[in-house]
Amino acid sequence: MGSGGRREFLKLCIQSTSALALAHSALAPASLLAESTAPRTPANLDRFIDPLPLLRRLEPHGTRGGALQCRIRMVEFRRPLHSQLPPATLWGYEGQYPGPIVEARQGQPIEMEWHNDLPQRHVFAVDPHIHGAMPPAPAVRTVPHLHGARTSSESDGLPEKWFTPGHSVAYHYPNAQQAATLWYHDHALGITRLNVYAGLSGFYLLRDRQELSMNLPAGDYEIPLVLQDRTLDDQGQLVYAPTQEDGTKAPPGAWAPEFFGDLPVVNGAIYPYLEVEPRPYRLRVLNGANARFFNFYFNLAARPTDIPSLVKFQQIGSDGGFLPKPAPLDKLLLAPAERADLIVDFSGHEGRTVTLANDAPSPYPGWAMLTGQHAPLNELMQFRVTRPLALNGRAFSLPGAVPLERFDPKQAVTTRDFVLSERLDAHGNTQAVLINNHGYDDPVTESPALGTLEKWRFINTTDDAHPMHLHLVQFQILERQGFDVAAFTQGRLQLVGSPRPPAAHEAGWKDTAVVNPRDVLTLLVRFEGYSGRYVFHCHMLEHEDNDMMRPYEVTA
């Protein structure tokens, strides 16, 4: 169904409703590549023959004034994403894709030097019509953002604060917040989607005394996982080929609103596997994809077409830290940039294989699925319960109740509304995605006062679900509720149905939350820590690049 036809379909649905009711260090060795007897292309790769890369840690090079001194270089390098493919050209932090894990402790600051040692030529074509990417802006420029962190504006990694090859910046990360699964990635204005797709992302694990006192799986039993999708050509090289909403490919080098890769990539490897013991593991999961949602589950069935046999799991933390209590799940939807801290128990599954599977349509929530524009990525990786249980492996327990300060919506000093919309051309193709009909370069319209609590409502008039992210803060989801589209076109926000509170796995601290089509997402946000300029945006990278991102100013 084309974009115009899809919109007509939605219009008919609305009318009917109104009428009725109203890095890679762990890939298979080179000898395995040499033993391959037939040329392989991405379309005929063997699945689950490469071990999952276990991400390395970044080592500080010193201390100063109580702060750890660290350095990260952004470089171009080559390595295969699968042992049956030749090396791909990648960008990465410290020559790794994903980048090295930064281990941080609450109360111990990190002084981070970020060096841009990339070449002068971008690995992908840059669309010069996108704001921020227009001449004379150079093609290769970067600015790192520590996603989920409370930092000063000067160390936030604002999109316009990019720097070019041969230059560097020094950022201060105070780590004055609770333990959380944070991550860092590039945020350069107009080319974030390209830089992250080339490989510029990595984990930042912040720990505190409370976490360290918990009896959680640790060491070899704590596994960070970055879920992404990529498309490769027959030579194993990355291809960035975005599409319009009807699945039509954009002209070479041109922006389009969606990108969905043909292959799943976990920790920088295509279809990897991990051998595990029959015991609980802690999985720190990040959706690092450009636009793809993952609705993942752990499946004992042999094939994705078999009746699923699910391994239940517990979510103990979300974006900004631990949940008030563990949430038992059998499936979990994770939008781009969302994180989940999970406990998965492989006990009792000795000798069996558990597949990390996915059934989220692309685009999400799937209005284009009638034409099957984008093939689903049903299988992501395997866990093989083949390792013997270590005799010295300690037992663990799920966290008990974790104190959580609940915001009182009555204490909100104001309510701000943000309308998410598309600007279309004469053919129904998306030309830009906007917040309140403004682009990023328009003047600041939001200036919350430091220390105040506000309600932020995101009103989604588009066909896509949008993961909305705020810099500086961790917020709480208050509710979601539908609205009358016909009334809204006449200038009235008329809520319909009952407000829906957040699910148990969303009931903690969040910095990214999904607003579904024809829904209003209401957040409670307390602006604390620092005054200054920050941004909020959709974390579908194609959207934030053009133009679903706005600045805001926290005033003292």
Side-chain angles (χ1 to χ4, degrees), residues 54 101 103-106 148 177-183 203 205-225 227 274-287 294-300 308-334 338-350 352 354-357 381 383 385 387-406 474 476-477 501-511:
L54 300 179
I101 296 172
E103 289 268 4
R105 293 288 181 93
Q106 184 187 54
Q177 59 194 97
Q178 66 182 357
T181 306
L182 309 180
W183 66 300
F203 273 107
L205 302 181
L206 177 58
R207 305 189 190 276
D208 61 15
R209 289 184 178 180
Q210 180 186 44
E211 177 196 0
L212 296 174
S213 69
M214 294 177 179
N215 197 22
L216 297 175
D220 293 341
Y221 307 109
E222 180 187 37
I223 310 294
L225 297 175
L227 309 183
L274 177 67
E275 292 185 295
V276 297
E277 299 176 22
R279 55 158 291 151
Y281 279 72
R282 183 183 184 186
L283 305 182
R284 314 286 288 266
V285 185
L286 157 68
N287 182 345
F294 292 100
N295 192 40
F296 65 83
Y297 53 101
F298 298 86
N299 191 7
L300 284 164
S309 176
L310 304 184
V311 176
K312 294 185 181 297
F313 57 96
Q314 302 274 345
Q315 181 171 346
I316 61 172
S318 56
D319 302 337
F322 289 105
L323 295 173
K325 61 180 181 180
L329 300 169
D330 51 26
K331 285 188 176 183
L332 176 62
L333 178 70
L334 216 58
E338 286 190 301
R339 287 89 68 206
D341 195 347
L342 308 179
I343 301 294
V344 182
D345 193 353
F346 297 104
S347 302
H349 300 300
E350 291 88 340
R352 303 189 69 181
V354 180
T355 300
L356 182 61
M381 66 168 290
F383 296 89
V385 193
R387 296 179 64 88
L389 188 64
L391 297 179
N392 59 350
R394 66 181 179 87
F396 101 105
S397 58
L398 282 172
V402 176
L404 176 70
E405 177 191 5
R406 291 289 184 188
Q474 294 286 338
Q476 293 175 9
I477 298 174
H505 68 275
E506 291 185 308
W509 296 108
K510 296 282 291 174
D511 57 52

Visitor: Can you say whether the rings of Phe313 and Phe296 are parallel (under 30°), tilted (30 to 60°) or perpendicular (over 60°)?
Guide: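 Taking Phe296 first and then Phe313, their aromatic rings lie parallel (interplane angle under 30°).
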Visitor: In terms of heavy-atom contacts, does NZ of Lys325 have more than 12 from other residues, nucleotides or ligands at under 6.0 Å?
Guide: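 Atom NZ in Lys325 is not packed in, count stays at 12 or less.
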Visitor: Short question: side chain of Ser309, backbone of Leu300 - any donor-acceptor pair under 3.5 Å?
Guide: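 No; judged by distance alone, with no hydrogens or angles, the pair does not exist.
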Visitor: Considering only NZ, NE, NH1 and NH2 on the basic side and carboxylate oxygens on the acidic side, decide whether Asp220 and Arg387 come within less than 4.0 Å.
Guide: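 Not counted as a salt bridge, because no side-chain N and carboxylate O are separated by less than 4.0 Å.
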Visitor: Of the non-hydrogen atoms in Pro278 and Leu389, which two are nearest, and what is the gap between them?
Guide: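 Shortest heavy-atom separation between Pro278 and Leu389 comes out as O-CD1, 3.8 Å.
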Visitor: Consider only side-chain N and O atoms of Gln178 and Asp208, and report whether a donor and an acceptor are under 3.5 Å apart.
Guide: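 No, no side-chain donor-acceptor contact under 3.5 Å.
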Visitor: Do Val311 and Asn299 make a side-chain contact, defined as non-hydrogen atoms from C-beta onward lying under 4.5 Å apart?
Guide: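 A side-chain contact under 4.5 Å is absent here.
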Visitor: I want to check something: taking the side chain as every heavy atom from C-beta on, are Gln106 and Gln210 in contact at a cut-off of under 4.5 Å?
Guide: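 No, too far: nothing below the 4.5 Å cut-off.
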Visitor: Hey, does Leu323 have a side-chain heavy atom less than 4.5 Å from the side chain of Ile316?
Guide: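 No, their side chains stay 4.5 Å or more apart.
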Visitor: Work out which heavy atom in Leu206 is nearest to a heavy atom in Gln177; give both atom names and the distance.
Guide: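 The pair with the smallest heavy-atom distance is CD2-CG, 3.4 Å.
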Visitor: Which heavy-atom pair separates Asp319 from Glu338 by the least distance, and what is that distance?
Guide: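 Looking at all heavy atoms of both residues, the closest pair is OD1-CA, 3.6 Å.
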Visitor: Kindly give the heavy-atom pair with the smallest separation between Pro324 and Leu404, and that separation in Å.
Guide: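 Between these two residues, the closest heavy atoms are CG-CD2, 3.5 Å.
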Visitor: As an exercise, state the distance from CZ of Arg352 to CZ of Phe346, rounded to the nearest 0.5 Å.
Guide: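 Atom-to-atom, Arg352:CZ and Phe346:CZ are 12.5 Å apart.
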Visitor: If you take all heavy atoms of Pro326 and Leu398, which pair is closest and at what distance?
Guide: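 In terms of heavy atoms, the two residues are closest at CG-CB, 4.3 Å.
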Visitor: What distance separates Gln474 CD from Lys510 NZ, expressed to the nearest 0.5 Å?
Guide: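 NZ of Lys510 is found 9.0 Å from CD of Gln474.
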Visitor: Would you please test Arg284 and Glu103 for salt bridge (charged side-chain N to carboxylate O under 4.0 Å, His left out) and show each step?
Guide: CA-CA 13 Å; Arg284 314 286 288 266; Glu103 289 268 4; over 6 Å; no
Visitor: So Phe383 and Val385, do their side chains get closer than 4.5 Å, heavy atoms only?
Guide: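 With C-beta onward as the side chain, the pair stays apart.
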Visitor: If you measure from OH on Tyr297 to CG on Leu356, what distance do you get to the nearest 0.5 Å?
Guide: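 Going from OH on Tyr297 over to CG on Leu356, the span is 9.5 Å.
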Visitor: Taking C-beta and beyond as the side chain, do Asp511 and Arg339 meet within less than 4.5 Å on heavy atoms?
Guide: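 Counting from C-beta outward, Asp511 and Arg339 do come under 4.5 Å.
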Visitor: Contact between Leu216 and Pro399 at the side-chain level, heavy atoms closer than 4.5 Å - yes or no?
Guide: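 Yes, at least one pair of side-chain atoms sits under 4.5 Å.
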Visitor: Please determine which of Asp330, Leu329, Thr355, Val354 meets the side-chain contact (heavy atoms from CB on, under 4.5 Å) test together with Phe298.
Guide: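 The side-chain contact (heavy atoms from CB on, under 4.5 Å) with Phe298 is passed solely by Val354 among Asp330, Leu329, Thr355, Val354.
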Visitor: Once you round to the nearest 0.5 Å, how far does CG of Asp341 lie from CG of Leu283?
Guide: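 Interatomic distance, Asp341 CG to Leu283 CG, rounded to 0.5 Å: 9.0 Å.
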Visitor: Is any side-chain heavy atom of Leu205 less than 4.5 Å from a side-chain heavy atom of Ile101?
Guide: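 Answer yes - side chains close enough.
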Visitor: Decide yes or no on side-chain contact (heavy atoms from CB on, under 4.5 Å) for Asn287 and Val285, but give the supporting numbers first.
Guide: CA-CA 7 Å; Asn287 182 345; Val285 185; over 6 Å; no
Visitor: Starting at CZ of Arg209, measure out to CZ of Arg207 and round the result to the nearest 0.5 Å.
Guide: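 Separation between the atoms: 16.0 Å.
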Visitor: Side-chain donor-acceptor pair under 3.5 Å between Arg279 and Ser347, yes or no?
Guide: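 On atom types as modelled, these side chains do not qualify, holding no pair under 3.5 Å.
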Visitor: Give the intermediate values and the outcome of side-chain contact (heavy atoms from CB on, under 4.5 Å) for residues Phe396 and Met214.
Guide: CA-CA 9 Å; Phe396 101 105; Met214 294 177 179; over 6 Å; no
Visitor: Does this structure show an ion pair linking Arg282 with Glu211, if we count only N-O contacts that are shorter than 4.0 Å?
Guide: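 Salt bridge between Arg282 and Glu211, a charged N being under 4.0 Å from a carboxylate O: yes.
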Visitor: Flag the pair Tyr281 / Pro217 as yes when at least one side-chain heavy-atom distance between them is below 4.5 Å, and no otherwise.
Guide: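 Tyr281 does not reach Pro217 side chain to side chain.
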Visitor: State the CG-NE2 distance between Leu342 and His505, to the nearest 0.5 angstrom.
Guide: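 Those atoms lie 10.5 Å apart.
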Visitor: Assess the residue pair Phe203 and Leu286 against the criterion (side-chain contact (heavy atoms from CB on, under 4.5 Å)); give the C-alpha distance rounded to whole Å, side-chain angles, the decisive distance to 0.1 Å, and a yes or no.
Guide: CA-CA 9 Å; Phe203 273 107; Leu286 157 68; 3.7 Å; yes
